[in-house]
Protein chains: 4
Amino acid sequence: MSEQDQSIYKQMIDTLGESENMTPKQVKILEAAIEIISEKGYYNTSTSEIAKRAGVAEGTIFRHYRTKKDLLASIITPVITKFSAPFFAEKFVDQVFRKPHKNFEDFLYAFIKNRFEFAKANVPLVKILLQELAFHPEIQASYKKVFAEKIYPAINNVLDYYKEKGEIKDQPNLSIIRLLAPTVLGFLITRFLLQPDLEWDDDREIRRTVDFIMKGIGKVGE
Amino acid sequence: MSEQDQSIYKQMIDTLGESENMTPKQVKILEAAIEIISEKGYYNTSTSEIAKRAGVAEGTIFRHYRTKKDLLASIITPVITKFSAPFFAEKFVDQVFRKPHKNFEDFLYAFIKNRFEFAKANVPLVKILLQELAFHPEIQASYKKVFAEKIYPAINNVLDYYKEKGEIKDQPNLSIIRLLAPTVLGFLITRFLLQPDLEWDDDREIRRTVDFIMKGIGKVGE
Amino acid sequence: MSEQDQSIYKQMIDTLGESENMTPKQVKILEAAIEIISEKGYYNTSTSEIAKRAGVAEGTIFRHYRTKKDLLASIITPVITKFSAPFFAEKFVDQVFRKPHKNFEDFLYAFIKNRFEFAKANVPLVKILLQELAFHPEIQASYKKVFAEKIYPAINNVLDYYKEKGEIKDQPNLSIIRLLAPTVLGFLITRFLLQPDLEWDDDREIRRTVDFIMKGIGKVGE
Amino acid sequence: MSEQDQSIYKQMIDTLGESENMTPKQVKILEAAIEIISEKGYYNTSTSEIAKRAGVAEGTIFRHYRTKKDLLASIITPVITKFSAPFFAEKFVDQVFRKPHKNFEDFLYAFIKNRFEFAKANVPLVKILLQELAFHPEIQASYKKVFAEKIYPAINNVLDYYKEKGEIKDQPNLSIIRLLAPTVLGFLITRFLLQPDLEWDDDREIRRTVDFIMKGIGKVGE
DNA sequence: CATGAATGAGGCTTCATTCAT
DNA sequence: AATGAATGAAGCCTCATTCAT
């Protein structure tokens with residue numbers, strides 16, 4: 001799995017700050033916005049507060065983002081992209097067919113591990129994504145697009161592949177996803193958002209998750 | 001499982017309207033608030049809009065609820081209670097020990113089925129609960145209390161019981177819950193909030209969910 | 001000096017309650033209004049709060065007083081009357097000419113003493129009068145009328161009388177009043193409103209006040 | 001006595017407008033607020049009315065003053081300070097000991113004259129101060145502080161000084177102040193607030209006031 | 001007489017956004 | 001690019017007053 005999507009939170013911003021045409025102030029604005037919005041939510045965060053935390057005049061924000069919602073979009077859109085990065089076309093499918101995963105369980109472990117690291121490095125961003133998704137139709141649309149065009153097809157491929165290899169029980173892929181996704185997401189949400197202060201033995205818990213899924217989905221016990 | 005907690009949405013309000021001392025206008029206000037807030041979220045819903053939809057003067061809202069947030073609380077608090085109703089003390093535990101469930105699978109099926117019916121009858125309320133939980137510390141506190149005092153102990157009992165009977169694999173109960181809860185919730189959320197328009201074969205999907213969990217948790221295949 | 005104007009606060013109300021056609025509820029309302037308004041001022045006191053403290057429905061207030069301002073007027077008007085009671089026509093002037101005061105100093109002492117007792121018995125009412133006078137033109141008008149028709153003429157008489165007797169320096173009566181009034185009022189205000197918790201030797205302080213005025217006004221030292 | 005505290009009303013604002021960082025709009029707001037509040041009182045004055053009179057959007061008020069009460073405070077606080085300016089430390093006491101006042105009477109005349117000019121130049125401000133003092137605990141606190149720390153000690157010094165010189169009768173200073181203050185204040189209030197339209201011979205009336213006080217306090221006639 | 005739910009005008013305040021500098 | 005004063009729409013809430021019961 002790619003490593004360049006780790007730690008977007010700062011990294012993403014910095015990268016943009018250099019590669020694209022971001023001024024230092026713009027970077028400050030993004031950082032401040034991410035911090036505050038992830039703490040208090042979009043509607044409880046005022047642009048003036050963001051400006052203050054960023055050490056910038058209020059007007060400056062609107063020089064870079066036409067509206068407050070634009071600012072939110074500019075935070076969330078990359079997260080949607082990066083979060084689904086592994087599913088993007090070749091890389092992901094390639095890994096499945098050519099890479100060292102000798103079976104589905106191996107693949108699943110690697111996949112969860114990878115998304116785990118991503119979430120860990122980007123807690124505030126993931127938090128914003130999950131919280132705001134419900135309230136902003138534009139963002140939902142953006143997500144649905146990525147899901148339909150990238151995520152779903154990729155997963156589909158993988159599942160079909162392992163089904164053929166006889167490692168996955170015969171069920172509609174959608175049903176499988178419906179079971180798989182909440183299990184993985186549920187783990188990440190519990191781990192990083194609901195109970196971040198518990199003492200987690202992360203690796204054991206990841207294995208447990210894999211195990212749980214494998215039992216439920218796999219053909220092993222049958 | 002009790003049937004008196006079905007369909008709170010209207011039923012709850014009506015009941016209150018009669019049993020408690022709710023005026024017809026107050027009922028209208030609650031209904032309107034639930035509708036609009038579940039559509040657009042708390043922060044996108046203005047009290048004036050609620051008043052308009054309820055056919056009431058804006059001031060009337062504040063005769064009955066000191067604050068807009070009070071109004072939200074008066075919607076959510078009963079949901080928290082009712083949603084966890086099956087866990088409340090005797091009933092739930094009794095069912096497990098004395099009632100017709102011959103094994104954990106049976107119990108699980110009955111339980112999911114029951115919560116499924118509840119969710120089905122109260123989509124708007126559940127939606128509000130899930131969406132707003134993130135933003136209102138008071139509501140979080142209220143939920144945590146119910147979870148710690150009612151839900152968790154009840155589940156604990158059940159799991160211990162079936163562990164003793166050898167139907168559940170030996171894992172920490174917290175880990176089991178961490179796997180179980182997202183699976184059930186994920187199903188309900190997908191079914192009623194994310195993809196309500198799909199043509200669902202509900203019973204088959206419930207069985208699939210039970211099956212998935214049983215495989216992952218149970219001792220069967222070992 | 002008349003004794004029937006002592007302790008209006010309760011007494012006034014009770015009297016009205018019997019003699020006039022006041023219901024017990026109306027009495028409660030007046031009492032509550034006086035208490036709260038004297039504590040927090042007219043504009044910081046809501047009719048609902050008055051109703052609550054009076055143990056009465058809000059509507060009941062408006063059954064007895066057309067408006068909130070009417071309620072205030074019904075409190076203040078009698079105070080204006082009673083506060084200037086000693087000046088009312090015959091009684092007052094009579095006392096001056098026929099009664100036991102052998103000189104102006106004696107009269108002054110009796111007068112201040114009398115108004116002192118009145119103020120003492122009616123602190124809340126006096127407080128309301130002083131505080132609200134500034135903001136309600138109707139009340140000002142009412143006061144000016146009483147002053148012009150009763151108070152001023154009466155004082156005028158008295159001053160002229162003692163001037164003739166050679167006990168008061170020859171100055172315009174208005175100037176005398178301008179010096180006299182603040183001295184007396186200033187004492188009462190300090191005593192009951194500004195520093196009510198100090199340990200006052202009331203009689204000594206009254207004598208000091210009389211002395212101060214006598215020196216300033218009288219012919220003694222000349 | 002210093003002359004730089006004359007005519008705060010406009011002068012104060014103008015000064016601030018230049019020396020401090022006040023925008024022209026902010027100056028307009030202050031002027032409008034002073035005018036209207038002094039006419040109708042704080043609670044009868046709406047922020048929208050102030051905005052209208054100031055030719056400013058209502059929101060602009062709240063950019064400069066977080067609260068309506070803040071606006072009031074920003075008007076009154078300087079008045080409290082300026083009104084007691086002559087009492088502030090050296091200047092005042094110095095004048096007493098080193099300056100041209102050959103006796104207490106001279107000093108008293110100069111003092112009253114000075115405060116008279118101040119009141120004359122700041123009628124609206126003084127009116128607001130007197131009217132609102134009763135209703136705003138924060139303002140009371142602010143005043144009490146100034147009184148305890150500046151005014152009282154200064155007066156104390158002066159009285160002791162002239163007592164030693166044998167020009168003032170031996171009474172507790174607090175008693176003297178209790179007699180002195182209402183006489184001076186009563187004069188100013190009558191002159192500028194109660195009867196501003198009378199034709200006053202100001203100098204004669206000031207002398208009368210001084211005379212009245214001297215007789216009452218002084219040792220002359222004894 | 002009494003009630004108290006209902007009203008709706010109006011108050012204070014917030015905040016995204018604009019614009020002259 | 002950056003500023004920050006200014007805007008004004010819109011939000012929440014209060015409260016005196018009315019009216020059907």
Side-chain angles (χ1 to χ4, degrees), chain A residues 21-26 29 43-52 54-71, chain B residues 21-26 28-29 43-51 54-71, chain C residues 21 23-26 28-29 43-52 54-71, chain D residues 21-26 28-29 43-51 54-71:
Chain A
N21 43 4
M22 259 188 168
T23 68
K25 301 241 170 191
Q26 192 168 356
I29 291 170
Y43 290 107
N44 285 316
T45 301
S46 69
T47 50
S48 98
E49 198 180 353
I50 295 173
K52 210 167 290 161
V56 149
E58 258 195 279
T60 307
I61 292 179
F62 292 89
R63 187 152 288 286
H64 295 290
Y65 306 93
R66 276 193 328 98
T67 69
K68 189 188 170 192
K69 214 152 218 172
D70 269 20
L71 173 56
Chain B
N21 42 5
M22 260 189 170
T23 69
K25 301 242 170 191
Q26 190 168 358
K28 285 276 188 195
I29 290 169
Y43 290 108
N44 284 314
T45 301
S46 71
T47 52
S48 99
E49 196 180 355
I50 295 174
V56 150
E58 204 173 347
T60 306
I61 293 179
F62 294 92
R63 269 197 81 69
H64 296 292
Y65 306 94
R66 284 192 318 94
T67 297
K68 190 189 169 193
K69 213 152 218 170
D70 267 23
L71 174 56
Chain C
N21 42 4
T23 69
K25 300 242 170 191
Q26 191 168 356
K28 284 278 188 196
I29 290 169
Y43 290 107
N44 285 315
T45 301
S46 69
T47 50
S48 99
E49 197 180 353
I50 295 173
K52 210 168 290 162
V56 150
E58 258 196 279
T60 308
I61 292 179
F62 292 89
R63 185 151 287 288
H64 296 289
Y65 306 93
R66 277 192 328 99
T67 68
K68 189 189 171 191
K69 213 151 218 171
D70 269 21
L71 173 56
Chain D
N21 42 5
M22 259 186 169
T23 69
K25 301 245 171 189
Q26 189 168 358
K28 285 277 188 195
I29 291 169
Y43 290 107
N44 284 316
T45 301
S46 72
T47 52
S48 100
E49 196 181 354
I50 294 174
V56 149
E58 205 173 348
T60 307
I61 293 178
F62 294 90
R63 269 198 81 68
H64 296 291
Y65 306 93
R66 285 192 317 96
T67 297
K68 189 189 170 194
K69 215 155 216 168
D70 266 24
L71 174 56

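Chain identifiers are assigned alphabetically (A, B, ...) following the order of the sequence lines, protein sequences preceding nucleic acid strands; residue numbering begins at 1 within each chain. What you see is a predicted model; the values in this text were computed from it and never measured.
The separation between Ile61(A) atom CD1 and dG4(F) atom P is 13 Å, rounded to whole Å. The distance from atom CD1 of Ile50(C) to atom P of dG4(E) is 17 Å, rounded to the nearest whole Å. Here dA1(F) presents its C1' atom at 7 Å from NE2 of His64(A), a figure rounded to the nearest Å. To the nearest angstrom, C1' of dA2(F) lies 18 Å from NZ of Lys52(A). One interatomic measurement links the two molecules: CG of Leu71(B) to C1' of dC13(F), which rounds to 13 Å at whole-angstrom precision. Distance CD (Gln26(D)) to P (dT7(F)): 13 Å, rounded to an integer number of Å. dA1(F) atom P lies 12 Å from atom OH of Tyr65(A), rounded to whole Å.
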**Request:** Could you encode protein contacts along nucleotides 11-21 of chain E as a string, one character per nucleotide from 5' to 3', using B for base contact, S for sugar-phosphate-only contact and - for no contact, with a heavy-atom cut-off of under 4.0 Å?
**Result:** SBBB-BBB---

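Interatomic distance, OG1 of Thr45(B) versus CD1 of Ile50(B), reported as 6.0 Å (0.5 Å rounding). Atom NZ of Lys28(C) sits about 10.0 Å away from atom NZ of Lys25(C), to the nearest 0.5 Å.
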For a quick test of your reading: what N or O donor-acceptor pairs under 3.5 Å do the side chains of residues 54-65 of chain C make, sequence neighbours left out?
| from | atom 1 | to | atom 2 | distance (Å) |
| --- | --- | --- | --- | --- |
| Glu58(C) | OE2 | Thr47(C) | OG1 | 3.3 |
| Thr60(C) | OG1 | Ala57(C) | O | 3.3 |
| His64(C) | ND1 | Gln26(C) | OE1 | 3.2 |
| Tyr65(C) | OH | Gln26(C) | NE2 | 3.3 |

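Thr67(B) places no side-chain N or O within 3.5 Å of a backbone atom of Lys69(B) that could act as its donor or acceptor partner.
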**Asked** For DNA chain E, what is the dot-bracket line, given that a base pair needs Watson-Crick (N1 to N3, plus N6-O4 or O6-N4) or G-U wobble (N1-O2 and O6-N3) geometry with both distances under 3.5 Å, and | means paired with another strand?
**Response** .||||||||||||||||||||

